[in-house]
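Take a look at the structure set out below.
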Number of protein chains: 2
Amino acid sequence: MDQDKINHIQEKFPQLEPALLLEIAKAGVIKHLEPEDEALRTGQYLKSNVLVINGLVKVYREDEEGDEFLMYYLEGGNACALSMMCAARNEQSQVLAKAITPAEVLMIPAHVSEQWLVRFPSWHNFIIASYRARFDELLQTLDSIVFKSLDERLVFYLKRHQKVLGKEVRLSHQQIAEELNSSREVISRLLKKLEQTGAVILHRNYLEIINLDLF
Amino acid sequence: MDQDKINHIQEKFPQLEPALLLEIAKAGVIKHLEPEDEALRTGQYLKSNVLVINGLVKVYREDEEGDEFLMYYLEGGNACALSMMCAARNEQSQVLAKAITPAEVLMIPAHVSEQWLVRFPSWHNFIIASYRARFDELLQTLDSIVFKSLDERLVFYLKRHQKVLGKEVRLSHQQIAEELNSSREVISRLLKKLEQTGAVILHRNYLEIINLDLF
DNA sequence: TGGAATAAGTGACTTTTGTCACACGGCAGG
DNA sequence: CCTGCCGTGTGACAAAAGTCACTTATTCCA
């Protein structure tokens with residue numbers, strides 16, 4: 001009966017040992033999200049680890065005015081490192097996580113998973129690897145803001161989009177501007193420049209990535 | 001004999017259990033650093049966890065041109081979360097860590113500390129807390145670049161300096177500019193403005209922080 | 001089918017930040 | 001003591017990014 005659930009999880013988390021998967025299937029609750037649904041809100045108290053099974057989740061940092069800056073994506077097989085850190089100490093989320101495709105996420109109560117650290121090496125390794133992966137992505141994002149100009153940041157943004165969502169970018173210039181914390185007109189102009197070099201093709205409400213390798 | 005060493009470490013890491021401190025004293029090597037000494041270099045392969053016992057260490061992110069951007073400080077009692085993540089998987093450091101005062105750091109081989117996670121709850125808690133603390137600081141730094149203008153970033157920078165080093169900032173405008181990845185003239189002008197509001201007093205080669213609370 | 005709403009394009013302008021050139025002044029080493 | 005370097009001050013300018021106002025184009029649906 002639960003075997004389906006186990007297989008389903010194992011498919012996306014093959015590095016976890018069988019005995020652990022059994023426990024995950026027992027303790028974890030699968031939540032279905034639609035695009036725009038929030039998996040995590042800034043300020044929310046967390047008691048669960050959040051793992052993404054399927055779909056795509058964007059993680060944002062917010063400021064006081066409600067501006068949302070894209071930090072990174074979570075794909076199927078990824079864990080939200082921040083949720084784990086918060087859950088472990090029952091603290092507030094510092095970020096907003098929002099599904100952008102239909103998604104399945106696995107919620108694992110922290111008081112259960114805590115014991116797994118000792119009992120299952122693969123869980124411990126998974127946690128460390130998740131922390132590390134998220135930290136690395138955050139550093140990449142930091143680099144792009146600190147060391148690069150807006151046109152380079154835009155290319156970085158589009159490349160990352162391509163990696164997880166493919167060459168079709170179904171976002172308006174306004175939306176892209178918001179995720180980069182810039183303004184629509186500036187992004188429009190920069191995209192136009194990219195189009196003139198043949199790197200992208202612009203349409204209403206979406207754009208196609210042709211080739212960003214030159215940047 | 002080793003009791004001195006244990007006491008010394010315990011003083012700065014009181015949350016660690018006595019049995020663990022004994023093992024740390026056995027396995028850990030204390031390294032003395034002078035100002036400007038590097039505790040960690042970008043690209044270096046790490047086999048050890050780095051804990052700061054005394055002194056102050058600055059952690060920088062570097063770009064290809066060698067520009068160094070200040071991410072955060074490590075004080076006595078802090079662990080370098082990045083060193084731990086790297087050491088756990090024998091990967092390369094993504095950052096540069098540099099002592100800015102005489103400092104003592106504790107190097108703990110990763111293959112030893114790995115077993116502690118299972119045996120000592122206080123070690124596990126310490127690791128999680130360190131990850132969390134560093135991640136939070138990085139988010140703060142990210143905020144300041146993404147959402148704030150340079151004058152606000154400068155105030156943020158000075159406030160952080162004050163927290164760990166006090167009201168005397170023994171840095172030239174040039175050095176401050178580099179850590180913010182800006183230019184000397186711009187920082188000079190912004191500092192001048194701050195001086196006019198009475199927030200700081202400027203001198204040759206150093207400045208005094210009077211009151212930054214208004215910003 | 002004809003507005004209304006929304007997305008995108010564009011020129012003019014402002015603000016912020018960076019760059020260049022050079023002046024000033026103090027301090028250190030000869 | 002003087003001289004040369006280094007840190008700082010400053011004006012003028014350039015470049016990057018943001019803002020404003022308005023136009024054009026597309027879609028939706030009443």
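All values below were derived from every heavy atom in this structure, side-chain atoms included, with hydrogens, water molecules and symmetry-related copies excluded. Fair warning: this is a prediction, and the values are worked out from it, not measured in the lab. The sequence lines fix the lettering, A, B, ..., with proteins before strands; numbering per chain opens at 1.
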[N] [atom2] sits how many Å from [X] [atom1], rounded?
| X | N | atom1 | atom2 | value |
| --- | --- | --- | --- | --- |
| A:Lys193 | D:dA15 | NZ | P | 12 Å |
| B:Leu180 | C:dT16 | CG | C1' | 15 Å |
| A:Arg170 | C:dT6 | CZ | P | 19 Å |
| B:Gln196 | D:dT10 | CD | C1' | 13 Å |
| B:Glu65 | C:dG18 | CD | C1' | 16 Å |
| A:Leu207 | C:dA8 | CG | P | 9 Å |
| A:Leu190 | D:dA17 | CG | C1' | 9 Å |
| A:Leu202 | C:dG9 | CG | C1' | 11 Å |

Side-chain N,O ([X]) to OP1/OP2 ([N]) below 4.0 Å:
| X | N | result |
| --- | --- | --- |
| B:Lys192 | D:dT8 | no |
| B:His173 | D:dG9 | yes |
| B:Ser182 | C:dG18 | yes |
| A:Ser188 | C:dG9 | yes |

Tell whether [X] reaches the base of [N] with its side chain through a donor-acceptor pair below 3.5 angstrom.
| X | N | result |
| --- | --- | --- |
| A:Arg184 | D:dG18 | no |
| B:Arg189 | C:dT19 | yes |
| A:Glu185 | D:dC20 | yes |
| A:Arg204 | D:dT24 | no |

(request) Hey, which sits more toward the 5' end of DNA chain C by its nearest nucleotide, A:Ser172 or B:Val186? (result)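 Comparing both residues, the 5'-ward one is A:Ser172.
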
(request) In plain terms, say whether B:Glu68 and B:Lys98 are close enough for a salt bridge, that is, a side-chain N and a carboxylate O under 4.0 Å apart. (result)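 Yes, this pair counts.
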
(request) Could you give me the CA-CA distance, side-chain angles and deciding distance for A:Gln3 and A:Asn7, then say whether side-chain hydrogen bond (donor to acceptor under 3.5 Å, both in side chains) is met? (result) CA-CA 6 Å; A:Gln3 194 56 46; A:Asn7 290 341; 3.2 Å; yes

(message) Using every non-hydrogen atom in the two residues, find where B:Ile30 and B:Leu106 come nearest and quote the distance to one decimal.
(response)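 Heavy atoms only, the tightest pair is CG1-CD1, 3.7 Å.
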
(request) In sequence, state the C-alpha distance, the side-chain angles, and the governing distance for A:Glu185 and A:Ser188, and then conclude on side-chain hydrogen bond (donor to acceptor under 3.5 Å, both in side chains). (result) CA-CA 5 Å; A:Glu185 297 92 321; A:Ser188 278; over 6 Å; no

(message) Categorize B:Ser183 for me: base, sugar-phosphate, or nothing, with a 4.0 angstrom heavy-atom threshold over every strand shown.
(response) base

(message) Would you compute the distance between atom CG of A:Leu180 and atom CG of A:Leu154 and round it to the nearest 0.5 angstrom?
(response) 6.5 Å

